[in-house]
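Chain identifiers are assigned alphabetically (A, B, ...) following the order of the sequence lines, protein sequences preceding nucleic acid strands; residue numbering begins at 1 within each chain. Side chains included, hydrogens not; waters and symmetry mates left out as well; all remaining heavy atoms used. These numbers come from a predicted model, not from an experiment.
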Amino acid sequence: MGRSAAGRVGRTELSQTVHILDDPMPEYGEHESAGDPLQTLRHSAAHLLAAAVTELYPGAAYGIGPAVQDGFYYDFDFGKPISESDLPAIESRMRRLAQADIPFVHEVLPRATAIEEFRKRGQDYKLELIADKVEGDEVSVYRTGEFLDLCRGPHVRSTKDIKAFKLLRVAGAYWRGDEKKPQLTRIYGTAWPTQRELDDYLKFLEEAELRDHKKLGKDLKLFTVDDRVGPGLPLWLPDGATVRRELERFIVDEELARGYLHVRTPDVARLDLYRQSGHAQLYSEFMYPPMTFEDGEELELRPVNCPHHIVIYQTELRSYRDLPMRIAEIGNNWRYERSGTLAGLNRVRAFALNDAHIFCTPGQLMDEVKGAIELALYFSKVLGIDEFWYRLSVRDDVKEKWLGAEEQWEEAQAALADALESMGQTYERGLGEAAFYGPKIDFQVRDAHRREFTNSTVQVDFQLPQRFELEYVAEDGSRQRPVMVHRGAAGSMERLFSYLIERYAGAFPAWLHPTQVVVIPITDAQHEYAGKVAASLRASRLRVEVDDRPEKMQRKIREAHARKVPYMAIVGQREAEAQHVNIRDRANREVDHSLEAFVSMVAAEVAERRR
RNA sequence: GCCGCCGUAGCUCAAUUGGCAGAGCAGCUGUUUUGUAAACAGCAGGUUACGGGUUCGAUUCCUGUCGGCGGCUCCA
């Protein structure tokens, strides 16, 4: 399974370089080789797109056009932006060029010649790339008929090798990923070796729509978002709240068993607390304006939980014997995300983080980091997060973005890397992805559309202990500074829920499902027995409904099925007489059980949190 | 915040080139008591997101705002 993310190239050290150089290998690191035929095909399709565009829009300037997960894109400056309705014409021009069997010709030009070629064509973006990114006197270019591009290659032999492709959408994209630079028009497309694979991919996109958590959240009545409350402020409906409650119970119980201390702290604090933590200075763009009162009081909705937990740490003088101290809370965080970034439950303005802050001695750091990773692994296993990978998020060299001394960052980054390596885990590096106070290990997952998100995270922090002057008394009686580990083992409840909805397409495992059993009496005559069945299930703390509406059994089955209820217990006269239930599950298997056996079967499944 | 697209009943969608806003499902009221994925009939449901404009006439054209989707930037 490849590990790169669609449209997210240019975010790691390796791809940063190749991205700018228009390399056909925008993957994250080692997983794919530069000669990978699919990448080559897609990169060539990007050239074909640019060739078609420059024919149809003679004044258009082209930026960069790499292959990405599942396809390719190319960025253009059209003068005035085009829209999706322009894509069919571009696509048919691409097909015409493909049929014309135009070879991809590699040339190495002297720098001056290359500059002259691109100047002649009015391609200022390419001139900028040559000036900034190409060293030495040789410039590698590819020619496709009239179209010339700065490019290292490789490419397919001829345009006719590009057989199965489709343009998908247009989007704005800042030149070289900088929002202060001009915004270009990006055209996304997909390309595959065969029509069959293209069709499969388009089918996949359709199926992803059906799994989308926003659609299922509405259909299954899990959550809603309403203008009157506000964008990015989801409301958990009763069934969604039930799933969340089960998740929280599971998470909290497991953490308690692992030595975490669960606390409760308020959603606001004095603004000074965030001045001390540094958030007011370095994180203010995400913080709500403070609530200010006549007497000068300034209260701030908290963007993070750490300062509150630090205050709890400081309620007593701590001894080395108290450490490690693991303070946990599913705490609400408030972050004013820019309107354009909000997305279903994945990006919201108020969310509940499965958070904890571990205060430990430097000597305990490694074990605590490993413990946090192990906990995240355990949660992943139980919850069914089968596909994820690690990103070691480190700082870049933009000094203003980070707090603290170089050596501490090095130490923290080494600690995280060592922890992963000692556990035999491989990881990719995310340059500039660190938190402002320290590096982190992010657990990356994909949604139904294969978009990448951070779910859990483990972060090492030397800065906040310093800023808050944290201490513990060491064995020798001296005062020492603890290290902090921030970790969100199961991520935020919102993002986790969104992931699970898509992971299971709404068919949650029985332990999580809002309704574990629907009892369906065939006629009114079985209502009493149906009530007894429900009572037996409830006595084992199972969530059960009796569908005693005056509807046909077939309709009740259909509706329970649409709700993806794990078990339907159908009871007619035969079942009532035998004290049995006829069970139909989500796979439409039918089996007869005694009531007693069925109750213990489901109770066991739920207790074990079986998938 | 930026670029593109979109916004019609609770949901899914119709409504010729601008000419009386419709259907299915859901809801409500009746009838139906049923053996494994939709019983039947009736009723009700709308300031076409909101505001301005063009027009004899706007769901349709223009424009502003709000919201959603896909990207960019940013991120749990």
Side-chain angles (χ1 to χ4, degrees), chain A residues 6-8 10-11 73 75 78 80-87 168-188 209 212 214-215 218-219 221 224-228 230-232 283 285-286 303-305 333 335 337-348 350-355 393 432-433 435 440 442-443 445 449 451-457 459 486 488 490-496 498-499 520-527 550-562 568 570-575 582-584 588-590:
Chain A
R8 305 295 291 236
R11 301 283 300 280
Y73 67 78
D75 289 345
F78 286 98
K80 77 174 184 25
I82 63 160
S83 81
E84 256 152 55
S85 57
D86 298 306
L87 293 184
L168 297 174
R169 66 182 69 91
V170 306
Y174 300 105
W175 170 234
R176 298 174 80 174
D178 183 344
E179 66 178 322
K180 295 189 183 61
K181 293 200 162 82
Q183 190 165 46
L184 307 181
T185 302
R186 175 169 298 178
I187 298 178
Y188 278 97
E209 288 306 312
D212 188 284
K214 299 183 291 297
K215 175 178 166 50
K218 182 184 281 185
D219 291 349
K221 303 181 185 179
T224 190
V225 180
D226 189 291
D227 281 5
R228 291 166 295 181
Y283 207 70
E285 61 173 310
F286 297 107
V304 293
N305 305 310
N333 288 176
R335 298 182 190 174
E337 301 286 351
R338 298 208 275 182
S339 60
T341 67
L342 300 175
L345 290 182
N346 278 321
R347 220 43 207 301
V348 293
F351 60 92
L353 194 62
N354 159 227
D355 206 2
S393 296
E433 301 284 338
K440 53 184 183 157
D442 292 322
F443 288 60
V445 298
H449 285 90
R451 289 173 295 210
E452 177 179 351
F453 289 95
T454 299
N455 194 46
S456 356
T457 175
Q459 315 177 356
H486 306 240
S492 72
M493 301 314 294
E494 286 73 10
R495 191 171 281 181
L496 176 63
S498 140
Y499 178 88
I520 300 177
I522 293 175
T523 74
D524 290 355
Q526 289 86 45
H527 281 189
E551 294 289 350
K552 292 187 69 172
M553 169 194 61
Q554 284 86 339
R555 168 181 283 270
K556 297 177 183 180
I557 289 170
R558 183 184 159 82
E559 292 180 5
H561 199 264
M568 294 170 235
I570 293 158
V571 294
Q573 195 185 348
R574 292 202 293 271
E575 287 75 18
N582 188 274
I583 299 304
R584 179 173 173 144
N588 293 323
R589 285 178 294 240
E590 274 176 54

| message | side-chain contact (heavy atoms from CB on, under 4.5 Å) for A:His561 and A:Met568? Distances and angles first, verdict last. | response | CA-CA 8 Å; A:His561 199 264; A:Met568 294 170 235; 4.1 Å; yes

| task | Give the C-alpha distance, both sets of side-chain angles, the deciding distance and a yes or no for salt bridge (Lys or Arg N to Asp or Glu O under 4.0 Å) between A:Asp178 and A:Lys181. | result | CA-CA 5 Å; A:Asp178 183 344; A:Lys181 293 200 162 82; 3.5 Å; yes

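Counting to the nearest Å, the P atom of B:rU12 and the CD atom of A:Glu209 are 13 Å from each other. Atom OH of A:Tyr73 and atom C1' of B:rC72 are 10 Å apart (whole Å). As a whole-Å value, the separation of A:Glu285 CD from B:rU73 P is 14 Å. One atom, CZ of A:Arg186, and another, P of B:rG4, lie 15 Å apart when rounded to the nearest Å. Rounded to an integer number of Å, the gap from OH of A:Tyr174 to P of B:rC74 is 10 Å. One interatomic measurement links the two molecules: CD of A:Glu84 to C1' of B:rG70, which rounds to 8 Å at whole-angstrom precision. Atom CZ in A:Phe453 sits about 15 Å away from atom P in B:rC74, given to the nearest Å. Protein atom CZ of A:Arg169 is 6 Å distant from nucleotide atom P of B:rG71, rounded to whole Å.
Rounded to whole Å, the P atom of B:rA9 lies 38 Å from the corresponding atom of B:rU36. For the P atoms, the distance linking B:rG71 with B:rG10 amounts to 29 Å, nearest Å. With both ends at atom C1', the span from B:rG68 to B:rU31 equals 43 Å, rounded to whole Å. One C1' atom belongs to B:rG19, the other to B:rC40, and the distance between them is 38 Å to the nearest Å. Between B:rU54 and B:rA76, the distance separating the two C1' atoms is 48 Å to the nearest Å. Taking the C1' atoms as reference points, B:rG27 lies 27 Å from B:rC20, given to the whole Å. With both ends at atom P, the span from B:rA49 to B:rA21 equals 14 Å, rounded to whole Å. Taking atom P in both B:rC6 and B:rG46, the straight-line distance is 27 Å, to the nearest Å.
The base of B:rC2 sits within donor-acceptor range of the side chain of A:Gln183, with an N or O pair under 3.5 Å. Counting atom types as modelled, A:Tyr188 pairs no side-chain N or O with a base atom of B:rG4 as donor and acceptor under 3.5 Å.
Side-chain N/O atoms of A:Arg451 include one lying less than 4.0 angstrom from OP1 or OP2 on B:rG70.
When each of B:rG4, B:rG1, B:rG71 is scored by its nearest atom to the side-chain atoms of A:Ala171, the top-ranked nucleotide is B:rG71.
Where RNA chain B pairs in unbroken runs of 3 or more (Watson-Crick or G-U, both distances under 3.5 Å), the stems are B:1-7 with B:66-72, B:10-13 with B:22-25, B:27-31 with B:39-43, B:49-53 with B:61-65.
Residues A:Arg495 and A:Thr454 form a side-chain contact, since some pair of their non-hydrogen atoms from C-beta on lies under 4.5 Å apart. A heavy-atom distance below 4.5 Å is found between the side chains of A:Phe351 and A:Arg335. By the 4.5 Å heavy-atom criterion applied to side chains, A:Val304 and A:Asp355 are not counted as neighbours. Residues A:Arg169 and A:Arg186 are not in side-chain contact: their nearest non-hydrogen atoms beyond the backbone lie 4.5 Å or more apart.
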| message | Output one letter per nucleotide in nucleotides 60-68 of chain B: B when a protein non-hydrogen atom lies under 4.0 Å from the base, S when only the sugar-phosphate is that close, - when neither is. | response | -------SS

| field | Contact letters for nucleotides 28-40 of chain B, in which S counts primed atoms plus P, OP1 and OP2 and B counts the base, heavy atoms under 4.0 Å | value | ----BBBBBBBB-

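Contact annotation for A:Ile520: no contact, since no heavy-atom pair falls under 4.0 Å across all strands. Within the nucleic acid shown, A:Thr341 comes within 4.0 Å of at least one base atom, counting heavy atoms only. The residue A:Lys440 sits close only to the backbone: its heavy atoms come under 4.0 Å of sugar-phosphate atoms, none of a base. Backbone-only contact: A:Phe286 has heavy atoms under 4.0 Å from sugar-phosphate atoms and none from a base. Nucleic acid contact class of A:Glu337 (heavy atoms, under 4.0 Å, all strands): base. If you check every strand for non-hydrogen atoms under 4.0 Å, A:Arg347 touches a base.
Heavy-atom distances to RNA chain B give each of A:Gly491 and A:Gly177 a nearest nucleotide, and the one nearer the 5′ end belongs to A:Gly177.
Salt-bridge check for A:Arg338 with A:Glu179: passed, with a basic side-chain N closer than 4.0 Å to an acidic carboxylate O.
The only option from A:Val348, A:Leu353, A:Asn346 that meets the side-chain contact (heavy atoms from CB on, under 4.5 Å) definition with A:Glu494 turns out to be A:Val348.
The salt bridge (charged side-chain N to carboxylate O under 4.0 Å, His left out) test applied to A:Glu559 returns A:Arg549, A:Arg555, not counting sequence neighbours. The ring pair (Phe, Tyr, Trp, His ring centres under 6.0 Å) check on A:Tyr283 picks up A:His279, A:Phe286, with sequence neighbours excluded. The side-chain hydrogen bond (donor to acceptor under 3.5 Å, both in side chains) test applied to A:Asn333 returns A:Asn305, not counting sequence neighbours.
Rounding to the nearest 0.5 angstrom, the gap separating the CD atom in A:Glu84 from the CD1 atom in A:Ile187 is 10.0 Å.
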